[in-house]
Amino acid sequence: MRKISDWGNYPVIEADVSGFDTTEQLRSKLEQPGEVIAFGNGRSYGDASLQDRMLLTRRFNKFLSFDESTGELCCQAGVLLSEILEVFMSRGWFLPVTPGTKFVTIGGAIAADIHGKNHHLNGSFGSHIRSMDIMRNDGSVIHCSPTENSEFYKITIGGMGLTGIILNATFRLKKIGSAYIREETVRAANLDEIMDSFEASDDWTYSVAWIDCLAKGDSMGRSIMMRGEHAAPGELVDPSHRKAPLALKRGGEFDVPFRFPNFALNKLTIQAFNFTYYNKCRSGTHQNLVSYNSFFYPLDAVANWNRIYGKRGFTQYQFVIPKSAGREGMRKILKRITDSGLGSFLAVLKLFGEQNSFMSFPMAGYTLALDFPISFKAMELFKELDAMVADYGGRLYLAKDSRMDAAMFERTYPNADEFRQAIAMLNEGTTKFTSLQSQRIGITS
Ligand SMILES: Cc1cc2nc3c(=O)[nH]c(=O)nc-3n(C[C@H](O)[C@H](O)[C@H](O)COP(=O)(O)OP(=O)(O)OC[C@H]3O[C@@H](n4cnc5c(N)ncnc54)[C@H](O)[C@@H]3O)c2cc1C
């Protein structure tokens with residue numbers, strides 16, 4: 001038994017944790033009685049990969065094939081996005097979709113159907129999966145794709161590990177000319193301005209904004225948008241970059257070596273923590289050439305930054321509301337959050353494109369994400385926010401959630417009931433794959 005948690009360090013549980021190197025080893029673990037859940041790299045924030053018995057996938061991490069002419073890669077599900085970048089970036093290939101950290105596994109990326117800064121143009125990670133193999137509760141392996149065993153494919157993408165253990169997946173990497181991004185930063189004085197900027201940035205491949213949650217009144221929603229394109233080698237200015245346009249930039253990482261005491265986290269420390277990043281955007285020119293690491297993964301530069309929230313841990317409240325809910329919806333929710341003063345200094349805002357998948361989080365509309373140290377007051381606030389999000393036709397992201405109740409899930413995920421029935425049918429009366437989250441929100445018993 002070992003103490004374990006996901007990224008938010010809330011909840012922390014004691015679990016029987018083990019890994020596997022081969023499909024035979026995995027099969028023999030599944031033959032043992034009792035329920036299990038896959039644990040990728042624990043970068044979901046709450047309890048989606050937690051359970052009394054957890055199967056760690058990280059050792060199952062081999063590259064299986066790569067077609068240099070098309071960029072088609074097949075790899076085992078325990079491979080991290082960072083490992084793909086390490087091998088393929090220097091050969092001119094990048095991920096079709098990447099989240100705000102490169103330390104997630106392919107299995108975790110599919111199970112949560114993660115989104116990136118290019119969702120409005122390229123959809124979520126799952127929409128790039130050409131095929132995958134999944135080990136079911138009885139040890140059999142099912143091969144699925146949009147055309148083969150398509151129902152199984154459909155419920156596995158965004159299915160939070162409840163259909164089985166994803167073994168491997170095939171998807172296409174995207175050709176790039178350099179490891180640099182041509183970034184444009186746009187400052188917005190308030191929420192209306194930043195929403196105008198998003199709506200005028202449709203043709204940029206990547207866009208995201210950081211909102212200053214301390215700004216109130218007319219300045220509420222004051223923010224900086226970063227939009228970007230992969231830079232062509234000819235656009236690079238620095239001679240060393242021009243010489244090796246695809247070279248990986250290393251270094252610049254530092255670590256948070258221990259958990260901060262809970263009292264250490266107040267407005268000042270949050271402000272100080274975000275200062276470096278925020279300040280860089282303020283003082284920089286409006287157009288920059290930046291490394292892909294600083295554009296996509298600014299938080300990865302601080303290893304174990306989650307420890308800054310102390311032993312009590314934290315959660316991220318990420319919701320989406322449809323575009324049709326209008327600016328009014330976002331304004332009211334943001335005002336309730338900023339008035340509470342409970343959340344992080346910065347929140348991330350993004351405009352999603354259309355998405356019609358079965359269980360995934362994104363929908364055409366605005367998504368906002370910010371961190372909250374765990375406290376009674378925050379939990380009370382979330383109940384109010386949940387009601388507002390649901391009334392506006394929105395929903396919460398399962399990969400970030402540690403506290404939503406079954407009624408909220410049922411009300412906001414239109415296919416909740418069908419998903420529950422499909423999972424029950426797969427289990428044929430004996431639940432095998434279940435997490436603390438799936439039990440809490442009523443997908444599994
Ligand atoms: C700093 C930071 C930034 C982030 N930014 C974004 C973002 O921009 N966009 C976004 O979408 N997400 C984002 N996330 C969330 C993260 O991408 C997801 O939670 C992702 O699922 C984590 O993958 P993991 O490998 O760590 O999986 P875990 O967290 O261990 O597990 C997540 C889910 O995947 C399931 N799972 C894992 N492996 C398998 C497998 N082999 N077979 C079946 N099921 C499996 C688990 O059971 C669980 O339900 C961010 C997280 C962090 C910490």
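Both ligands and their constituent atoms are indexed starting at 1 by order of listing.
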Can a salt bridge be assigned to the pair [X] and [Y] using a cut-off of 4.0 Å between side-chain N and carboxylate O?
X	Y	value
Asp196	Arg327	yes
Glu24	Lys29	no
Arg172	Glu72	yes

Legend entry - Tyr392: ring pair (Phe, Tyr, Trp, His ring centres under 6.0 Å) partners, not counting sequence neighbours: none

Measure from every N or O atom of ligand 1 to the protein's N or O atoms and keep only the pairs below 3.5 Å, writing each with atom names and distance to 0.1 Å.
{"unit_1": "ligand 1", "atom_1": "5 (N)", "unit_2": "Gly100", "atom_2": "N", "d": "3.1"}
{"unit_1": "ligand 1", "atom_1": "8 (O)", "unit_2": "Gly100", "atom_2": "N", "d": "3.0"}
{"unit_1": "ligand 1", "atom_1": "9 (N)", "unit_2": "His115", "atom_2": "O", "d": "2.8"}
{"unit_1": "ligand 1", "atom_1": "9 (N)", "unit_2": "His115", "atom_2": "NE2", "d": "3.4"}
{"unit_1": "ligand 1", "atom_1": "11 (O)", "unit_2": "His115", "atom_2": "N", "d": "2.9"}
{"unit_1": "ligand 1", "atom_1": "11 (O)", "unit_2": "His115", "atom_2": "ND1", "d": "3.2"}
{"unit_1": "ligand 1", "atom_1": "11 (O)", "unit_2": "Tyr397", "atom_2": "OH", "d": "2.7"}
{"unit_1": "ligand 1", "atom_1": "19 (O)", "unit_2": "Ser44", "atom_2": "N", "d": "3.4"}
{"unit_1": "ligand 1", "atom_1": "21 (O)", "unit_2": "Gly108", "atom_2": "O", "d": "2.9"}
{"unit_1": "ligand 1", "atom_1": "25 (O)", "unit_2": "Asn41", "atom_2": "N", "d": "3.1"}
{"unit_1": "ligand 1", "atom_1": "25 (O)", "unit_2": "Thr105", "atom_2": "N", "d": "2.8"}
{"unit_1": "ligand 1", "atom_1": "25 (O)", "unit_2": "Thr105", "atom_2": "OG1", "d": "2.6"}
{"unit_1": "ligand 1", "atom_1": "26 (O)", "unit_2": "Asn41", "atom_2": "N", "d": "3.1"}
{"unit_1": "ligand 1", "atom_1": "26 (O)", "unit_2": "Gly42", "atom_2": "N", "d": "3.1"}
{"unit_1": "ligand 1", "atom_1": "26 (O)", "unit_2": "Arg43", "atom_2": "N", "d": "2.7"}
{"unit_1": "ligand 1", "atom_1": "29 (O)", "unit_2": "Arg43", "atom_2": "N", "d": "3.2"}
{"unit_1": "ligand 1", "atom_1": "29 (O)", "unit_2": "Ser44", "atom_2": "N", "d": "2.8"}
{"unit_1": "ligand 1", "atom_1": "29 (O)", "unit_2": "Ser44", "atom_2": "OG", "d": "2.6"}
{"unit_1": "ligand 1", "atom_1": "30 (O)", "unit_2": "Gly40", "atom_2": "N", "d": "2.7"}
{"unit_1": "ligand 1", "atom_1": "30 (O)", "unit_2": "Asn41", "atom_2": "N", "d": "3.4"}
{"unit_1": "ligand 1", "atom_1": "30 (O)", "unit_2": "Gly42", "atom_2": "N", "d": "3.0"}
{"unit_1": "ligand 1", "atom_1": "30 (O)", "unit_2": "Ser49", "atom_2": "OG", "d": "3.2"}
{"unit_1": "ligand 1", "atom_1": "41 (N)", "unit_2": "Ile166", "atom_2": "O", "d": "3.1"}
{"unit_1": "ligand 1", "atom_1": "42 (N)", "unit_2": "Ile166", "atom_2": "N", "d": "2.8"}
{"unit_1": "ligand 1", "atom_1": "47 (O)", "unit_2": "Ala38", "atom_2": "O", "d": "2.7"}
{"unit_1": "ligand 1", "atom_1": "49 (O)", "unit_2": "Ala48", "atom_2": "O", "d": "3.1"}
{"unit_1": "ligand 1", "atom_1": "49 (O)", "unit_2": "Met160", "atom_2": "O", "d": "3.0"}

Inset, instruction - Please work out whether the ring planes of Phe372 and Tyr317 are parallel, tilted or perpendicular, with thresholds of 30° and 60°. - result: perpendicular

Inset, instruction - May I ask you to decide if the ring planes of Tyr45 and Trp305 are parallel, tilted or perpendicular, using 30° and 60° as cut-offs? - result: tilted

